[in-house]
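Hydrogens, waters and symmetry mates play no part in the numbers below; they use all other heavy atoms, side chains included. Convention: sequence-line order gives letters A, B, ...; per-chain numbering from 1.
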There are 2 protein chains.
Amino acid sequence: MKKEKTTIHDIARKLNITASTVSRALKDHPRISVETKKAVQKAAQKLNYQPNHIAAALRNGRSNIIGVIVPTADRSFFSSVIRGIEEVANSAKYNVMICQTYDSYEKEIASIDALLNARVDGIIVSYSKSTLNFDHYNRVKERGIPLILFDRSNDELEVSHVVIDDFLGAFKATEHLIQQGCKRIAHFTNTRKISIYKERLRGYRDALEQHGLTYDESLIVASDLQLEDGRRSMTQLLDKKPDGVFSASALGILGAMQVLKENNYKIPDDVALVGFSNEAFTSFTEPALTTVEQHSMRIGNAAAEIFLQEVTADSEKFIPQKIVLKPELIIRSSSLRKK
Amino acid sequence: MKKEKTTIHDIARKLNITASTVSRALKDHPRISVETKKAVQKAAQKLNYQPNHIAAALRNGRSNIIGVIVPTADRSFFSSVIRGIEEVANSAKYNVMICQTYDSYEKEIASIDALLNARVDGIIVSYSKSTLNFDHYNRVKERGIPLILFDRSNDELEVSHVVIDDFLGAFKATEHLIQQGCKRIAHFTNTRKISIYKERLRGYRDALEQHGLTYDESLIVASDLQLEDGRRSMTQLLDKKPDGVFSASALGILGAMQVLKENNYKIPDDVALVGFSNEAFTSFTEPALTTVEQHSMRIGNAAAEIFLQEVTADSEKFIPQKIVLKPELIIRSSSLRKK
DNA sequence: TCCTAAAATGCAATCGATTGCGCATGGAAC
DNA sequence: GTTCCATGCGCAATCGATTGCATTTTAGGA
């Protein structure tokens, strides 16, 4: 294997010009004549020249890499967001480096350090559930590197973020259940008081109250919202006789559905179900699950666009912005009662 | 925001020594005195020094980044592999850069170029379904960069790869169906003649023949193995009266299950089902799906370990190796008939 | 006290691309 | 025939860490 390493100097030597000229020619600098540019391009082609981004990165202090930190890529929500980021980033000549934290605070810090050391130009994060301390994010800000949060965000940190209107999503979901005739609607929320869950709870509550239903605390169950949690929550709710459940997560409502079916409840007639996050499996279940679609790809697009604005802006003067996208309720048979 | 950029020179200046000494001290070079090392570490801490990996990468031609290319991270199989790679890579001080191709050949080429330009030290790939030409991989080899394939591999390319024994997985799956009493077992395979699908088909066929069942071509359906394909395949198979189905994909068998249930077949008694790939949703269905577990995390570990061997080896002299992991059949209710 | 080997550190080049500034050439304007 | 300016390109420093080799310092022995 030939470890070819054609550099601009090789091109320069071949054409009897200097590396500066080659560099400028390749970047289409106006001060370089058209003929020289053509010659350089031809030579570059012939020598199979591949620009060394690392050298360029060192020189101008930019790596053209965006770091993305997510709890796990193994969920359509996050992987769609990543795809959305990639779309925008790639077309602006940026690469994306993905780190997964598996919802661990330590891994999150390690990821931040790794990205910082890799000298990424910006970091887009949905932080882990177990993150309570935000010092590592301040380190990012101190370095003057654009930081953008999505989904899970935090108002203490003065950074831009992209979120969906969790309140609205929850409101729509709950209202839909009410319109289907539900009177006793339970809600699965998260034990951790992350804003997204607080907002979903608020949306649920507001919908009830606006439709003249009373908010009954005994119908609220807090957990980690995974599958098993959903099962446990539903089991403990059975004797409360709910006729509808709105879960702040997708797995949670799946657990509820399993328990209900095992106990011979009819869905949606006995109990109607609505979840959050349009994960692939929600359309595979029987009945298919009604859920709140978060338009994850667009979240990614928006986050990447904010990043692009921030890097080009006068840095110091950039005002953090907040983008709130509207969620959409996807109605499927787990909640749609026949008239 | 202070754009602090502490370099080894800053540390050197502060301690009245040179950057060389600082560099060596930080790397625990034996020729540096213990006191100096301590002083350097203390100063580095105080000045909040962060090594610039880019500069180091330029100097020694290694970026300490491993590129990983997968069709999509949004599937437990791939995301587990990635996790497996990260485990090994991180503990060897490597970072991982993930690219998704969404099964597009063009995206795959673009990813290779992006990784090459980012000067990654190695590339681990599961190539896209639409990849038929492998020139871009030869470019990687020509550059002397370790290339490792996993899952989907190719014997033409003389590179290391990590695969599971697809033949064995399929054999076990089919044999299991036979043991459950199935006589007419259908098989869903992929239209694209990728080796993994050929091997699975072979395993299926061998199991039949070893158990005295005849291989009936009319029970083989080729498709892209997605959900809809599975549905279509099952629908067209109904009048062939199969009593068992083994699908080379997870989504395919899900489609089959849906169609069977819609037509009031009993699973597993009328038709027993087995899929491939232990995706999360396979345990959520009712009945839960029997499937072939690929030990994806270990695949990732193995791939990363091969990479580590290759980078440290005498490069030219490295002999491509092939690692074949044993799959495991996870038996769930979609195939387990009560005696 | 002097000498020498060992130990500790410094020097300077290098990795490849970028860029401010300066220099040369040529044509146009007066 | 000068002056001026636009055009086209070269020079050399720079980004930060690394490393072979040179040099200085130290310690130990004679």
Q: Tell me which nucleotide among C/dA17, D/dG8, C/dT9 gets nearest to the side chain of A/Thr7.
A: C/dA17
Q. How many Å lie between CD1 on A/Ile8 and C1' on C/dA17, as a whole number?
A. 5 Å
Q. Counting side-chain heavy atoms from C-beta on, which of D/dT19, D/dC9, C/dT18 comes nearest to B/Ser23?
A. D/dT19
Q: Round to the nearest Å and state the distance from B/Arg31 atom CZ to C/dA6 atom P.
A: 10 Å
Q: Could you tell me the separation between the CG atom of B/Asn52 and the P atom of D/dC15, rounded to a whole number of Å?
A: 12 Å
Q. How about A/Thr36 and A/Ser33: does a side-chain donor come under 3.5 Å of a side-chain acceptor?
A. yes
Q: Look at the side chain of A/Ser33 and decide which nucleotide, out of C/dA17, D/dG8, C/dC15, has an atom nearest to it.
A: D/dG8
Q: Check whether any side-chain nitrogen or oxygen of B/Lys27 sits under 4.0 Å from OP1 or OP2 of D/dA17, and answer yes or no.
A: no
Q: Please report, rounded to the nearest Å, how far the P atom of C/dG16 is from the CD atom of A/Gln50.
A: 14 Å
Q.
Counting the atoms with a prime plus P, OP1 and OP2 as sugar-phosphate, which does B/Ile17 contact under 4.0 Å by heavy atoms, base, sugar-phosphate, or nothing?
A. sugar-phosphate
Q: Give the rounded distance in Å between these two atoms: CG of B/Asn60 and C1' of D/dA17.
A: 8 Å
Q.
Need one value for B/Ile54: base, sugar-phosphate or nothing, where a base atom within 4.0 Å counts as base even if backbone is also close, heavy atoms only.
A. nothing
**Q.** Rounded interatomic separation in angstrom, taking CG from B/Leu15 and C1' from C/dA8
**A.** 15 Å
(Q) Categorize A/Ser20 for me: base, sugar-phosphate, or nothing, with a 4.0 angstrom heavy-atom threshold over every strand shown. (A) base
**Q.** Nucleotide nearest B/Arg24 when distance is taken to its side chain, options C/dA17, D/dG8, D/dT19
**A.** D/dT19
Q: Select base, sugar-phosphate, or nothing to describe what B/Asp10 touches, counting heavy atoms under 4.0 Å on all strands.
A: nothing
(Q) In this structure, how many angstroms lie between the P atom of C/dT18 and the NE2 atom of A/His9, rounded? (A) 11 Å
Q: Please state whether the rings of B/Tyr127 and B/Tyr137 are parallel, tilted or perpendicular, taking 30° and 60° as the class boundaries.
A: tilted
**Q.** Interatomic distance, B/Asp28 CG vs D/dT18 P [rounded to whole Å]
**A.** 13 Å
Q. Out of C/dT9, C/dT18, D/dT18, which nucleotide sits closest to the side chain of B/Thr21?
A. C/dT9
Q.
Side-chain N or O of B/Lys37 versus OP1/OP2 of C/dA8: is the shortest distance under 4.0 Å?
A. no
Q | Polar side chain donor-acceptor pair, B/Gln321 to B/Ser160, under 3.5 angstrom | A | no
Q | DNA chain C: 5'-proximal contact among B/Ile32 and B/Arg119 (nearest heavy atom) | A | B/Ile32
Q. Angle class for the B/Phe77/B/Phe150 ring planes (parallel below 30°, perpendicular above 60°, tilted otherwise)?
A. tilted
Q: Show the numbers, then the answer: is there a side chain to side chain contact (heavy atoms under 4.5 Å, CB included) between B/Asn95 and B/Ile66?
A: CA-CA 6 Å; B/Asn95 278 127; B/Ile66 303 177; over 6 Å; no
